[in-house]
Amino acid sequence: MSMVSITKHQDYRLEEITTAVRTHFKRFQLEQQLSANTKVLIKPNLLMKRRPEEFTTTHPTLVEAAIICLKELGVKHITVADSPGGLYTVSALRGIYQASGMMEVCKRQRVILNEDISFQEKGNPSAVLVKKFPLIQPVIQADFILDICKLKSHAMTGLSGAVKNLFGCIPGLTKPEFHWRFPEKEQFCQMLVDLCETVKPDFVLVDAIHAMEGDGPSGGTMRKVNRILASNQPYDLDYCLCQLIGVLPERILTVSHSIQRGLCCGELCDIQIIGESLQTVADFQMPQDKGLDFMAWVPKFLRKPAKAITEKFLTSRPKIRTADCIGCGKCAESCPPKTIQIVDRKAKINDKNCIRCFCCHEMCPVKAIDIKRSRLFLK
C-alpha cells in the first residue's frame, strides 16, 4: 500500500516547516536512502519571475527546510535547479532565483543554485509517446530527485502537482516544442506521464499552504489550503491532491492516464494517509474548459463536425487585455505555433493558429492575458 503524509500549517515559519519536513522524511525513512555521497537535486516550481508572496512559485521556506533536513541526514551534495518558462540563460535564471527567494536561501545554506544551462537526452524505451527527453544537466547527474511542487490549478492540465512540476526538467524554449507536438490535452498529459517515468522523482513535497486556484498556474488567486503533503509515489500523491481540492481524478488527465497505466492505485482506500486527514477544500476554483465535456454523448458520425464547431465557438482561448499589455514579448517568445506578434508595442494573437496551450497566459508577467470562455458556459 502506498502512503501519503500530511501536515497542517497556517504560515511559512521556518522552524515549524522544518519540523514538518523532518517528520515527512522520518515517516518514509529517507535516512536509509541517503548518504554523504548522494547527489540530491531539489526541483522546485520556479515558473517565472515572481515573489514568494505572489504564490506562483514554490515557497523558499519549504526549500530551505528541505535543505536543513537533508543536511541533518548527512547529505553534502545538494543542488537546487529548475528550467522556468522562457529563455534558459544564466541571466534569466538569476533574475528568477533572486525574485523567488531561492538565491538568498541557497547562499544562506551554502548549497549549489544551478547555473549550468547544458542539457542531455535521456531515454525511456517503455514510454507510450516520447521515448527520450532532453533534460537539464542537474537532473541527469542526480542520484536522488526531490520534487517540491506548488499546488495550483492549471489552465491546460487542470492540476499542477507532482507530475506537472517535472515539465521544468525540460530546458527553456524546448518546452513550447512539446506543446506544438502535442497540442491536444490527452496527448500532452500522456507525454507528462512519460516524462515523470523518465525523470522518476524519488520523493515529493507539495507546497499547499498557500495554493493557487482559478486561472492558474500564474493568473489565479491565492487560496489557503494550509497543508504540506509528501510521498514517494508522485501519481498517488496527485490523486490525493484531486481529493484535497474536490476535483474528480478522471478530469485531471495526468492522473487518469497514470491510473490506466497501472502507475496510480486509483482508489483512495488503497492509499494510507498518515498525519492530518485528507479533508476536501470547499469550492476550490478550477479553470474549467467545458467545451468538450459533451462529446462522448454525440453519435460517432457527428463527432467530427461537432468537434470543429466546439473548438471554434465553445472552447476556452487566451485573450489579451490590450490596455494592460506592456509589449514585453514574453507571450510571443513562449508561443509554440508562433501565432503571437508584437505590433505597436502590444501583443496580438492570431486565433486561427492558436492551439490553446495557454503558454502565453502562463508566462505573462503582468497577468494581461485572460482565459476567454464561451458565454454559453459562463455562470
Side-chain angles (χ1 to χ4, degrees), residues 11-14 17-18 21 40-68 70-71 77-119 136-139 141-142 145-152 160 165-176 205-207 209-212 216-220 222 326-334 359-368:
D11 52 40
Y12 290 97
R13 288 176 293 175
L14 179 59
I17 301 303
T18 303
V21 173
V40 175
L41 167 66
I42 295 177
K43 196 305 187 178
N45 184 328
L46 300 182
L47 175 66
M48 61 195 308
K49 194 175 181 179
R50 289 278 175 87
R51 294 174 291 109
E53 307 83 61
E54 295 177 277
F55 49 87
T56 303
T57 54
T58 302
H59 200 281
T61 301
L62 182 54
V63 173
E64 184 163 16
I67 294 169
I68 292 170
L70 287 168
K71 286 182 174 181
H77 306 284
I78 302 171
T79 300
V80 177
D82 189 19
S83 171
L87 296 174
Y88 189 50
T89 63
V90 173
S91 60
L93 285 174
R94 286 176 178 172
I96 292 172
Y97 291 156
Q98 180 69 44
S100 66
M102 296 300 159
M103 185 174 289
E104 181 181 350
V105 163
C106 291
K107 282 183 178 179
R108 182 162 54 242
Q109 293 299 328
R110 297 182 179 180
V111 299
I112 296 171
L113 187 56
N114 179 61
E115 292 188 355
D116 181 352
I117 56 174
S118 63
F119 58 92
I136 60 175
Q137 202 63 33
V139 174
Q141 296 173 341
I145 296 176
L146 175 53
D147 177 358
I148 309 186
C149 58
K150 183 81 169 178
L151 174 58
K152 298 187 288 185
S160 182
N165 188 42
L166 298 178
F167 198 45
C169 294
I170 294 176
L173 295 181
T174 308
K175 289 191 283 292
L205 289 170
V206 183
D207 175 5
I209 299 176
H210 293 171
M212 180 180 285
S218 63
M222 191 270 279
I326 60 174
C328 66
K330 290 290 185 182
C331 55
E333 179 184 274
S334 63
C359 288
C360 56
H361 168 267
E362 185 173 322
M363 294 309 301
C364 179
V366 294
K367 300 184 181 181

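Computed from a predicted structure; not experimentally measured.
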Exercise. Just how far is it from atom CD1 of I67 to atom OG1 of T18, taken to the nearest 0.5 Å?
Worked result: 10.5 Å
Exercise. Can you name the ring pair (Phe, Tyr, Trp, His ring centres under 6.0 Å) partners of F119, sequence neighbours left out?
Worked result: none
Problem set entry | Taking every non-hydrogen atom, the tightest pair across L47 and T57 | N-CG2, 3.9 Å
Exercise. Who are the side chain to side chain donor-acceptor pair (under 3.5 Å) partners of R13, not counting sequence neighbours?
Worked result: D11, E16
For this session: Mind listing the closest non-hydrogen atom pair of G216 and H361 along with its distance?
Result: O-CE1, 3.9 Å
Problem set entry | Inter-residue atom distance D207.CG - I148.CD1, 0.5 Å rounding | 9.0 Å
Problem set entry | Test item: K175 side-chain N/O and P84 main-chain N/O as donor-acceptor pair under 3.5 Å | yes
Problem set entry | Side-chain heavy-atom pair L93, Y88 within 4.5 angstrom cut-off | yes
Exercise. Residues two or more places apart in sequence or in another chain: which of them pass side-chain contact (heavy atoms from CB on, under 4.5 Å) with S160?
Worked result: N45, K152, H154, K164
Exercise. Quick one: side-chain contact (heavy atoms from CB on, under 4.5 Å) partners of K330, sequence neighbours excluded?
Worked result: C328, E333, P365
Problem set entry | Test item: Q109 and E64 side chains (from C-beta on) under 4.5 Å apart, heavy atoms | yes
Exercise. Crowded around K367 NZ? As in, over 12 foreign heavy atoms under 6.0 Å?
Worked result: yes
Exercise. In chain order, what residues pass the salt bridge (Lys or Arg N to Asp or Glu O under 4.0 Å) check against R94, with sequence neighbours excluded?
Worked result: E115
For this session: First locate atom CG of D82, then atom CE of M102, and finally report the distance between them rounded to the nearest 0.5 Å.
Result: 9.0 Å
For this session: Measure from the side-chain N and O atoms of S83 to the backbone N and O of I170, and report whether any donor-acceptor pair falls under 3.5 Å.
Result: yes
For this session: Working to the nearest 0.5 Å, report the span between CD1 of I42 and CD1 of I78.
Result: 6.0 Å
For this session: Using side-chain contact (heavy atoms from CB on, under 4.5 Å) as the criterion, list what pairs up with C364, not counting sequence neighbours.
Result: V366, A368, I369
Problem set entry | Listed partners of T174 passing side chain to side chain donor-acceptor pair (under 3.5 Å), at least two apart | none
Exercise. What pairs with H59 under side chain to side chain donor-acceptor pair (under 3.5 Å), at least two apart in sequence or on another chain?
Worked result: T61
Seminar exercise, completed: Of all heavy-atom pairs linking S218 and M363, the shortest is OG-N, 4.4 Å
Problem set entry | Counterpart residues, ring pair (Phe, Tyr, Trp, His ring centres under 6.0 Å), relative to H210 (two or more places apart) | Y12
Problem set entry | K49 to I96 - nearest heavy-atom pair and separation | N-CG1, 3.8 Å
For this session: Determine yes or no for a side-chain-to-main-chain donor-acceptor pair under 3.5 angstrom, with K43 supplying the side chain and V139 the backbone.
Result: no
Exercise. Taking side chain as C-beta onward, heavy atoms only, is N114 less than 4.5 Å from Q137?
Worked result: no
Problem set entry | Sequence neighbours excluded - side chain to side chain donor-acceptor pair (under 3.5 Å) pairs with any residue from residues 95-105 | E104-R108
Seminar exercise, completed: All heavy atoms of A81 vs all of I136, minimum pair found to be CB-CD1, 4.3 Å
Seminar exercise, completed: Residues at least two apart in sequence or cross-chain that pass side-chain contact (heavy atoms from CB on, under 4.5 Å) with S91, listed by chain then number, are T89
Seminar exercise, completed: Heavy-atom nearest pair, L113 first then M103, reads CD2-CA, 3.6 Å
Problem set entry | Spacing of L87 atom CG and L173 atom CG [to the nearest 0.5 Å] | 5.0 Å
For this session: With sequence neighbours excluded, tell me which residues meet side chain to side chain donor-acceptor pair (under 3.5 Å) with T56.
Result: R50
